[in-house]
Student: 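Have a look at the structure that comes next, please.
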Amino acid sequence: MVAQSVFFYLFAAIILFSAVRVVTSNNVVHAALYLVAVLAAVAAEYVLLAAEFVAATQILVYIGAIIVLFLFGIMLTRAKLGSDQDLTHSHWALSAATALLMFGVMGYALVDQFHWTATPMPADTRLVSVAGSNSATVSDSVFTAYLVPFEVVSVLLLAAVVGAIVLARKD
Amino acid sequence: MDDLFLNQFLLLGAMLFCIGVYGVLARRNAVLVLMSIELILNAVNINLIAFGAFWGSIAGSVFALFVIAIAAAEVGVGLAIVLLIYRNRRSVALDDVAEMKG
Amino acid sequence: MPIPKPRLPGLVTGLTITLKELLKTLFPHRGIRRLIPAPSRGAVTVQYPHESETPAPRARGVIALKEENCTACMLCSRSCPDWCIYIEGHKTKAPPRRPGGKERTVSALDRFDIDYALCMYCGICVEVCPFDALFWSPEYEYSEPRLADLLHDMDRLTEWMETVPDFEPYEAGSDAKVRKVPR
Amino acid sequence: MSDFLRDYLTVGIFGLTGVALVGLLLGLGSVLRPTRAQPQKYINYESGVDPVGTGWGQSNVRYYVFALLFVMFDVEAVFIFPFATRVDAYGWFGVIEMGIFIFILALGLLYAWKKKVLRWL
Amino acid sequence: MGLVESGKMPKPLTKLLNLSRKYSIWAYQWGLACCAIEMGAAFASPRYDVMRLGVIPFPASPRQADLVVISGTVTDKIVPAIKRLYEQMPDPKYVISMGSCTNCGGPYWDSYSVTKGVDQIIPVDVYVPGCPPRPEALLEGVVLLQERIQNEDMAARWRGEQDRQEPIIVG
Amino acid sequence: MISLSVLGVELAYWQVTSLRVLGVLVAVVLPAGAFVYLFLFKMMSFMQSRLGPMEAGPFGSMQLLAEVGKFLQKEDIVPERADRRLFFIAPYIVLASTFLLFSVMPFGPDVYFTNLDTGIFLALGLSSVSVIGILIAGWASANKYSLIGGIRAAGQLIAYELPMVLAVVGVVIQAGTLNLQGIVAAQHQGEIFGFSGIGNPFLLTQFVAFGVFLVATQAELTQTPFDMPVAESEIVTGYMTEYSGLRFLLFFIGEFATAGAFAAIAATLFLGGWALPFVSLDDNSMNFIGPLVLFAKMLMVGFLIFWARFTFPRFREDQLQAFAWKYLIPIALINILVTMILKVAF
Amino acid sequence: MTLTDAQQLGYINAQAADGRVNVELETDDGMVLNMGPQHPATHGTLRLVARLDGEQVTSADVMCGYMHRGYEKLCEVRSYPQVTTLVNRIDWLGSFANEVPFILAAEQLMEVEAPPRAQWIRTLLFELSRIANVSLFIGDLALQLGAQTPAFYAFRDREFVLNQIESVTGGRFHPNFDRIGGLKDDLPKGWIAETKAAMVRLRAFCDEMEGLVYGNEIFQSRTRGVGIIPAAVAQSYGLSGANLRGSGVDWDLRRDANVGLVYDQLDWKVWTHPDGDSYSRCWVRLQEVREATTIVDQICDGLPSGAIMAKVPRIIKVPAGEAYIATENPLGQMGYYVVSKGDTGPFRVKIRSASFNNISIAPWLLRGVYVPDIITILASLYFILGDIDR
Amino acid sequence: MAEDTATASAEAPEIVIDERREELRAVFVAHLGEAVLDSVIKPGDGLWIRVATDAWAEAGRVAQGKADCKYFDFLSAIDWLPSPYGRYEDSALDVPFPPPMPERSAAVPGYAGGESRFQVLASVAKTGTDLRVLLKVDVPDDDPRLATWIRSYSGAAWHERETHEMFGISFDGNADLRNLYLPSAFEGHPLRKEFPLLARVVKPWPGIIDVEPMPGEDDEPSEGEGTE
Ligand code: SF4
Ligand code: SF4
Ligand code: SF4
């Protein structure tokens with residue numbers, strides 16, 4: 001498990017550093033790239049938790065699609081090359097305080113609720129059902145317990161597409 | 001320390017969440033705000049997966065999938081709105097469009 | 001805006017044409033040796049440094065000078081549109097051409113330079129030369145790393161003379177006379 | 001470390017290999033390559049004249065719509081893939097469920113088609 | 001400062017490097033006038049096929065080019081573009097001047113709008129005579145250039161001592 | 001896991017890992033080189049009835065070495081207005097994504113780098129990462145051609161990512177697994193109308209998917225007729241316009257290595273991968289023959305790709321998008337449905 | 001030449017200033033795409049500045065002159081034979097065709113006429129240069145649209161024609177073969193048989209192109225309906241050649257105003273296409289290559305014997321007068337307005353070149369099209385820089 | 001066709017009447033009246049019409065509409081002044097630079113006459129036929145400017161630009177008279193006769209030195225007549 005811990009902290013560090021850069025970077029495209037780093041590291045954390053299918057999904061959808069969407073959005077709104085001082089509100093300190101406060105509260109609650117020693121992760125976190133693979137297990141779950149949300153997702157996506165087309169079209 | 005603990009993941013999630021919140025509050029650029037929201041959603045997903053792994057339930061993964069799907073829809077619509085704003089105002093700074101909120 | 005319809009024929013025809021060419025190049029042999037790939041024979045390529053194509057005898061590659069024939073009459077130099085022939089000469093006495101004839105005054109060439117960096121290969125000089133002193137040679141290999149070396153002096157121009165091909169006979173129906181290259 | 005994680009570690013290592021290869025080549029190159037500044041060398045190439053303006057303008061929104069459709073179908077694929085491995089297990093029930101799912105999303109494509117966003121805007 | 005520039009390269013290695021430059025010459029495709037067609041024939045006609053010699057006519061951008069064949073009439077109006085093109089190519093770079101026009105004005109030596117030779121603006125490595133030079137003449141020029149590359153002393157080149165015609169004024 | 005047990009030696013993990021790193025280097029560089037030399041130089045030349053590189057080494061075989069040697073010595077230009085950091089990063093992203101792609105490829109019964117359950121799914125995900133590199137390259141160059149090229153490339157890559165993904169679904173439905181080894185096995189063990197001799201390369205049953213996959217591959221690789229993003233007659237070389245020297249070479253390698261990777265995926269999914277008919281899957285000899293078989297099949301797919309490349313003119317941007325959305329994707333969707341129904345019905 | 005150098009420096013600086021004119025074009029909306037002067041799509045050095053909205057062109061300006069060599073001025077200081085060789089280089093792909101109208105104009109002023117054999121050979125070479133020119137166009141068109149192989153085929157098969165031209169005139173490109181009163185030389189032995197063999201190759205080439213390029217669905221969808229020129233517009237811009245006939249105007253100077261060539265004794269057809277789009281222009285050109293091969297065949301069969309040179313004085317002095325002769329060159333109508341004052345050289349030569357008119361429609365035509373269509377349209381208009389700028 | 005011209009002009013041009021061109025000329029005369037100053041017909045070949053300066057735009061309209069010459073061929077100008085440099089090679093030795101300009105009266109116009117130094121010349125044609133009209137117009141010496149033709153023929157725009165650049169003749173109504181060919185800072189109008197070709201002035205003519213007399217007939221019998 002040592003290696004896992006090492007990797008956990010490594011990825012956590014990447015996540016946190018990149019996330020901070022996402023919200024502080026002076027360049028929108030850089031921010032988007034830091035977001036890629038966050039997402040990739042989060043995917044790695046998923047792998048550590050043996051949720052390989054979600055990890056792959058994270059790469060396919062988040063990195064492969066949503067980031068591209070972001071980059072398009074950025075390029076379509078004419079981001080400037082180089083840094084841009086205007087990206088952050090002047091009252092950022094206030095926001096930082098809020099965020100810190102929030103973290104204090106949450107952190108306290110978490111540590112309080114889930115004592116370190118009481119909540120070690122199971123040794124083998126792989127979730128594999130009869131079919132023998134993580135994806136099949138996910139599928140089984142979707143097609144039994146979560147059938148309705150699954151169909152709802154499709155409707156939701158449809159709505160998103162219709163909405164976005166209506167919005168983005170030149171009239 | 002040999003083991004991974006649930007709390008590690010939860011705290012990581014919490015930190016990411018708060019960074020996201022900071023981003024949402026502090027950023028002026030609408031695209032950046034959307035990115036910050038992605039951070040928040042990822043924080044949520046970390047928690048979901050961690051709990052799922054902890055309890056030995058696949059539901060965490062499934063929910064994470066749904067969250068990703070919803071995130072996709074959210075970004076899609078969000079960016080469409082940003083583009084609309086941009087087209088009308090040539091700017092994506094959020095306080096320039098404060099009247100939108102009202 | 002016509003949508004590209006995935007009708008096959010046009011695309012497939014194209015593919016067959018290129019494939020045919022590929023096979024033709026790769027397997028040029030007939031019969032039993034068909035299966036031996038021999039692109040060097042199948043391709044139309046002339047592999048330059050090793051072999052080179054022969055330009056047509058009339059090709060205007062480089063101008064050769066037959067020094068003996070030149071009388072330094074300056075006609076070529078004067079009609080050159082690029083002013084790229086530089087001639088200097090002086091008068092001297094020469095022995096009679098036919099035995100028993102009288103001594104002639106001829107011009108000896110001191111300098112006859114053609115600046116190939118400037119020449120436009122029009123052939124006017126060759127054409128106007130009344131004494132058959134200039135000839136076209138199809139040679140083309142005289143690139144230089146220095147511009148000044150493209151100015152060919154009399155010696156070099158005379159050397160080109162060796163490469164001047166004979167004039168070709170004419171196609172049927174022509175009443176032009178074939179001239180000869182003096183050698 | 002479990003085999004499972006090791007496999008993924010390999011994936012990670014391969015990614016790093018790619019990066020290392022790039023780094024290595026660039027490093028080698030930096031030893032070999034010259035640098036010679038010339039007045040116009042670092043100007044952006046624009047067919048031999050001065051670059052015009054800041055370099056870009058608003059590209060077409062059309063691309064955004066495509067990207068959006070892509071995201072939507074990508075999400076769909078995420079659900080189809082696990083399902084595809086288990087078609088046998090679900091039988092006709094699964095086919096119908098998935099059929100509906102695909103149909104609804106296809107509606108989105110159809111909508112885009114009918115709204116003519118699949119052409120030049 | 002690269003090793004090659006400073007001349008600290010061991011001899012055999014230099015040879016190898018020269019060899020690789022010799023056989024990989026990416027030629028920028030840009031034709032100016034009639035000669036351009038003969039250049040095109042040398043590059044694209046299967047009968048001449050300059051690719052055999054390792055001259056690859058792929059790049060459409062000077063950034064990837066090693067060689068530019070200036071082929072055709074250089075007018076005063078195009079001069080800045082040629083200069084820029086040349087300067088935008090990454091070193092080490094070579095120039096072949098093809099045809100009388102490029103060499104020194106050729107048929108337009110007396111024109112009011114034609115530059116009398118490209119060597120007035122950029123250094124030229126090989127001059128190919130002709131109007132137009134036939135494609136094989138260009139190939140000969142390429143072979144000549146390759147010979148020069150083979151024996152090139154890069155360090156000297158960087159010091160600018162190479163036997164290379166820096167812009168001169170042709171009378 | 002112990003992919004080297006074939007040799008009968010037990011190796012320490014680090015040794016295995018270094019062998020793998022070597023292996024992936026070979027797996028990336030070899031097909032890339034082979035594709036460039038065989039197809040780009042030689043096949044193209046022969047199709048045009050000429051010879052291609054001949055002088056560097058016998059039949060120009062050393063040409064590629066010369067290219068690399070040359071590019072190593074080329075100056076590295078960063079335009080002054082470019083975003084330096086991103087400009088530097090872009091080739092890393094593109095090449096790393098290619099290396100990642102190879103991580104899931106099986107080459108023989110025991111010769112594989114990883115044997116992941118999510119195999120093909122992950123591969124598809126990883127392949128979409130290079131889009132980011134391309135977009136970044138286009139944007140960071142601060143050049144109009146680059147930007148247009150980058151955006152076009154990204155628009156095209158995502159438009160054709162989908163048909164590709166959807167085409168794969170058909171295969172997955174038939175094989176019942178995402179694991180690439182599993183897919184190879186399924187093809188080897190499959191039977192056609194009760195005849196099991198040559199197995200069932202999915203090419204036969206999934207020919208529609210294969211067609212869609214090939215077209216999509218063509219587009220993903222930005223090869224003609226889908227090379228609008230690098231259309232040199234319009235936008236010079238698209239997102240690569242400002243890249244010089246080694247960085248350009250890296251994109252170049254990336255392009256052809258990715259071609260190799262996609263060819264490998266196509267060969268695995270539709271042509272039976274490393275397996276040979278009539279030879280048992282577990283035969284130890286396949287560990288040595290398998291990679292060669294796969295390579296041969298890759299070359300076949302590569303031939304198709306480059307054949308089309310050298311024959312066709314290019315689509316216009318809108319036609320290209322319309323083609324994906326109006327033809328390929330619906331076809332792929334219908335293919336999925338039909339496959340699903342047939343699978344359940346039989 | 002120091003003076004001109006100083007002048008040049010002046011121009012260079014001025015040009016740098018010109019480059020900066022671009023900046024004015026930049027507005028807040030849309031972006032300005034600059035193609036050329038170093039751009040593969042522009043056959044050399046045309047420059048095209050297009051203001052874009054997305055990828056749609058809102059306005060486009062064509063800037064030429066990068067290849068301006070001052071022909072008309074140079075003609076004034078050269079003698080007639082020198083002008084003949086100079087004008088070869090206007091449309092450098094169909095060089096021989098450039099000489100013909102000039103020589104005809106001079107002949108008209110001198111009131112001499114070439115012997116029949118010379119006229120036939122002139123017509124023959126005229127058509128050969130048409131083939132050499134337009135076959136390259138087809139390859140280049142495909143190249144512009146992204147197909148590489150057709151360009152190689154075009155170069156390959158064009159060589160057969162060039163060989164023929166070279167073996168009779170001595171120049172692959174610039175024959176300088178026409179003389180006032182006839183031709184420089186007669187055909188070499190065996191030439192006619194070779195030419196006929198070459199024509200067979202060329203016809204095969206046309207078929208190949210029809211399969212590889214014209215029949216290709218992608219090609220058709222790229223060219224059909226793109227860049228439509230109505231007949232009236234084409235006329236008022238003075239378009240000519242296939243550009244005019246592609247718009248359905250049935251006018252071919254070879255048939256309608258034949259001077260000094262033997263088209264009226266041959267059996268051939270003028271091709272037109274009613275659509276006026278890029279495809280029809282390209283299609284007409286392909287048909288013209290085909291037609292030209294049959295014309296060449298006919299001439300090869302019917303070549304009269306006799307002299308190739310009429311009696312003209314050694315030093316050519318053309319009597320005073322004015323003449324305008326236009327012929328149907330590969331690119332379209334090319335005409336020379338020759339004013340003579342009885343000198344050894346012309347007093348003024350106005351060169352009416354086809355591409356100049358053909359390309360002057362570009363700003364009109366490019367409005368509202370999309371970036372990839374710019375390429376299609378420019379390629380289908382088919383211009384040669386030397387023919388625009390002269 | 002060629003024989004036609006040759007015989008016609010060689011013997012008696014006024015006998016051969018070219019009816020089609022006569023008709024065409026009649027159209028112009030009918031609609032422009034007095035403004036048609038002069039005209040020349042070369043039977044079977046060409047029709048030259050010189051119109052008055054202020055009727056230039058109108059002439060364009062008539063040509064385009066009434067005469068049905070819809071096809072715009074070209075538009076250019078002629079500088080009738082003889083060049084002060086002569087024909088360089090004849091006078092290359094010691095021409096002072098710049099040489100004195102010839103007298104204004106030295107300008108001898110060509111067909112259809114003319115009074116000014118510059119004449120603008122335009123050609124329009126009737127598609128499908130060999131009918132073509134060459135319209136000439138005098139350009140005022142002191143203020144070289146004319147009305148534009150772009151209303152009648154869109155294609156005239158570029159030709160007018162070119163003429164403006166080469167001769168310095170302005171066209172009222174053509175807003176876009178930027179330089180077409182030369183850099184915008186180029187000075188002078190190259191096709192005006194006084195514009196020097198400096199290279200020719202600077203470079204000595206190689207044919208000038210040491211001219212040998214033509215060889216005598218007895219000396220070199222192989223000369224023949226010209227080149228073959
Ligand atoms: S070929 Fe023409 S340019 Fe060359 S030297 Fe002779 S006359 Fe002068
Ligand atoms: S024309 Fe002939 S003889 Fe006279 S100088 Fe020239 S080469 Fe000599
Ligand atoms: S050298 Fe001759 S062929 Fe070459 S560009 Fe100049 S005129 Fe044309």
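Note on naming: letters A, B, ... go to the chains in the order of the sequence lines (proteins, then strands), and numbering restarts at 1 for each one. Just so you know, these numbers come straight off a predicted model, no measurement behind them.
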Student: Considering only heavy atoms from C-beta outward, does the side chain of E:I37 approach that of G:R172 to under 4.5 Å?
Tutor: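 Not touching, per the 4.5 Å side-chain cut-off.
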Student: Can you spot which of G:N88, G:L86, G:T85, G:L74 makes a side chain to side chain contact (heavy atoms under 4.5 Å, CB included) with E:P107?
Tutor: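 For E:P107, the side chain to side chain contact (heavy atoms under 4.5 Å, CB included) test succeeds with only one of G:N88, G:L86, G:T85, G:L74, which is G:L86.
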Student: Sort G:Y153 into side chain, backbone, both or neither according to what part of it lies under 4.5 angstrom from a heavy atom of chain E.
Tutor: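 The answer is neither part of G:Y153.
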Student: Examine whether an atom of E:C101 lies under 4.5 Å from a heavy atom of chain G, and if so say whether it belongs to the side chain, the backbone or both; otherwise answer neither.
Tutor: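 Neither part.
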Student: So how far is it from E:L32 CG to G:M67 CE, rounded to the nearest 0.5 Å?
Tutor: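 Nearest 0.5 Å value for the CG-CE distance: 4.5 Å.
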Student: If I measure from the heavy atoms of chain G, does E:F43 come under 4.5 Å with its side chain, its backbone, both, or neither?
Tutor: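 When you check distances to chain G, only backbone atoms of E:F43 fall under 4.5 Å.
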Student: Of all residues at least two apart in sequence or in a different chain, which pass the salt bridge (Lys or Arg N to Asp or Glu O under 4.0 Å) check with G:R89?
Tutor: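 So G:R89 forms no salt bridge (Lys or Arg N to Asp or Glu O under 4.0 Å) with any residue.
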Student: Please round to the nearest 0.5 Å and tell me the distance separating atom CZ of E:R47 and atom CG of G:N163.
Tutor: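 The distance works out to 4.0 Å.
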Student: Side chain, backbone, both or neither: which part of G:R156 has an atom under 4.5 Å from a heavy atom of chain E?
Tutor: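 Contact with chain E is through both the backbone and side chain of G:R156.
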Student: The criterion is side chain to side chain contact (heavy atoms under 4.5 Å, CB included); which residues satisfy it with E:A137, sequence neighbours excluded?
Tutor: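 Applying side chain to side chain contact (heavy atoms under 4.5 Å, CB included) to E:A137 gives C:Y140, E:V128, E:P133, E:R134.
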Student: With side chains defined as the heavy atoms from C-beta onward, is the minimum distance between G:K73 and E:S111 less than 4.5 Å?
Tutor: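 G:K73 vs E:S111: side chains apart.
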Student: Report the option among G:E166, G:E159, G:H174 that has the most heavy-atom pairs separated by less than 4.5 Å from atoms of chain E.
Tutor: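 Of G:E166, G:E159, G:H174, G:E159 has the most heavy-atom pairs under 4.5 Å with chain E.
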Student: What part of E:A41 gets within 4.5 angstrom of chain G, counting heavy atoms only: side chain, backbone, both, or neither?
Tutor: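 Both backbone and side chain of E:A41 come within 4.5 Å of chain G.
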Student: Just by distance, no angles: are the side chains of E:Y108 and G:H68 close enough, under 3.5 Å, to form a donor-acceptor pair?
Tutor: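 There is no such pair between these side chains.
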